[in-house]
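Note on naming: letters A, B, ... go to the chains in the order of the sequence lines (proteins, then strands), and numbering restarts at 1 for each one. No experiment lies behind these values; they were computed from the predicted model shown.
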There are 2 protein chains.
Amino acid sequence: MSVQERKERERAGRERLIVATARELAEQQGWDAVTTRRLAERIEYSQPVLYSHFRGKREIIGAVALGGATEMAAALRAATSAADGPRARVTALARTYLDFAERNPAVYDAMFQLDGGLAFAQEDTPEPLKDAFAALWETLGEVAGDGVHPGLFTETFWAALHGLATLTRAGRLPPGDAERRVELLVGRLAVL
Amino acid sequence: MSVQERKERERAGRERLIVATARELAEQQGWDAVTTRRLAERIEYSQPVLYSHFRGKREIIGAVALGGATEMAAALRAATSAADGPRARVTALARTYLDFAERNPAVYDAMFQLDGGLAFAQEDTPEPLKDAFAALWETLGEVAGDGVHPGLFTETFWAALHGLATLTRAGRLPPGDAERRVELLVGRLAVL
DNA sequence: CTCGCTTGTCTAGCGGTGCTAGGATCGACT
DNA sequence: AGTCGATCCTAGCACCGCTAGACAAGCGAG
């Protein structure tokens, strides 16, 4: 059995390598530059090897998205648990979210802009995505205000953050006033 | 000179045909299906003709986006001018915006998701885009509240709408509660 | 009315994409 | 040590955006 286990390990390692390389390449040169040929060359295997791990490019994007979701959830929890009081927590959450989107644009795209073939807001939604949403809920749920469903509030607040993140990065909003927009959002939306 | 004028008219007409066909095809089958070959076939010309009107595919997307911006600005103004009082105006604005995004997903993508080679939030931003933003400002500026710059408020509110529009359409948010999210957003963000 | 020329259009092709069939090779078990 | 199965690569498909160069149509001049 040891042989099979070793092969299993090698296979898993190579899968991680593919995902990590795809992410790296996407962050460096954008998702357009992530072609199956370039990716194969970087991992020093031929193209068909990619297809023995993933159904296609979209599944690779999906895998990057899942990793990003796990990472984002951790970052959000770290930021909010270090803050005192609801207001500080919500502000920290918002800042961390936007910061993550800005620092990892390719990963953020994989999660929310590109088609990674992932299910959302459904039963079969992968755990990392549910957990990232849960991380938002944990902090936002306590400032939803009376009579407002915390889930609905979380969705709405999240959508606002997502809008800020994407429009800012796409050059649709002037980048300078980002912080003031965050303060406005937190001050108005959250019931403190 | 009449000959030249006629050619000019024909040329302009064909350009409109290209843009309209691209939009139609994108709405029917998604932007992925809008290839230069298919587009050329639909307008009953060969591919190179497209390139005598536009630098490339991205410019065609940009042209669709500009048309969409004009249309959206008109829709927003029509909706807000028919409403009485700030609250009704803001609600009508939000609903109309989201409705436009939902009914014209391909055009909305051309405007805000895809790269149409357009400048935003800059001096050389095309007039239709500036005007669409102005349409938002006209209604949102009056509910920014004291001490908040109306432009900043408009940007923030717009970002929230954009987030709702994109996340809903991408299946990231459950579609049923759209109306309640709008009410929450309007009730909290706008100072009435 | 005919001729030369400009203007416009098409055919054909380049380098690239995601993806796959089928053959070669390598390594594990008997 | 030899067989046989898993694993990987070469080669190729159909399609993409885009363009060079051949070709024809329609104009103005004589």
Atom pair distance, as rounded to whole Å: [atom1] in [X] and [atom2] in [N]:
| X | N | atom1 | atom2 | value |
| --- | --- | --- | --- | --- |
| A/Leu50 | D/dT7 | CG | C1' | 14 Å |
| B/Lys57 | C/dT17 | NZ | C1' | 12 Å |
| B/Tyr51 | D/dG17 | OH | C1' | 5 Å |
| A/Trp31 | C/dT17 | CH2 | P | 15 Å |
| A/Leu25 | C/dT17 | CG | P | 11 Å |
| B/Arg58 | D/dG17 | CZ | P | 14 Å |
| A/Gln29 | C/dT17 | CD | P | 12 Å |
| A/Glu41 | D/dC9 | CD | P | 13 Å |

When you measure from the side-chain N and O atoms of [X] to the phosphate of [N], is any distance below 4.0 Å, counting only OP1 and OP2?
| X | N | value |
| --- | --- | --- |
| A/Arg38 | C/dT17 | yes |
| A/Thr36 | C/dG18 | yes |
| B/Ser46 | C/dT9 | no |
| B/Arg11 | C/dT7 | no |
| A/Arg37 | C/dT17 | yes |
| B/Arg14 | C/dG8 | no |

Original post:
What nucleotide, of C/dC10, D/dT19, C/dT20, holds the atom closest to the side chain of B/Tyr45?
Top reply: C/dC10
Original post:
Does the side chain of A/Val143 reach to within under 4.5 Å of the side chain of A/Phe157, using non-hydrogen atoms?
Top reply: no
Subject >> Upstream residue (5' side of DNA chain D) when B/Val34 and A/His53 are each assigned their closest nucleotide >> reply: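 Counting from the 5' end, the first nearest nucleotide belongs to A/His53.
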Original post:
Taking N and O atoms by type only, does the side chain of B/Gln47 place a donor or acceptor under 3.5 Å from a partner on the base of D/dC18?
Top reply: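 When only heavy-atom distances are counted, B/Gln47 does reach the base of D/dC18 through a donor-acceptor pair under 3.5 Å.
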Original post:
When the ring planes of A/Phe120 and A/Phe112 are compared, do they come out parallel, tilted or perpendicular, using 30° and 60° as the limits?
Top reply: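 Ring orientation, 0 to 90° scale: tilted.
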**OP:** State whether A/Arg172 and B/Glu155 are salt-bridged, where the test is any N-O pair (Lys NZ or Arg NE/NH1/NH2 against Asp/Glu carboxylate O) under 4.0 Å.
**Re:**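 No, this pair does not count.
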Original post:
For B/Leu129 and B/Ala119, which heavy atoms make the closest approach, and how far apart are they?
Top reply: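 Between these two residues, the closest heavy atoms are CD1-O, 3.9 Å.
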**OP:** State which residues pass side-chain hydrogen bond (donor to acceptor under 3.5 Å, both in side chains) with B/Arg58; sequence neighbours excluded, sorted by chain then number.
**Re:** B/Asp115
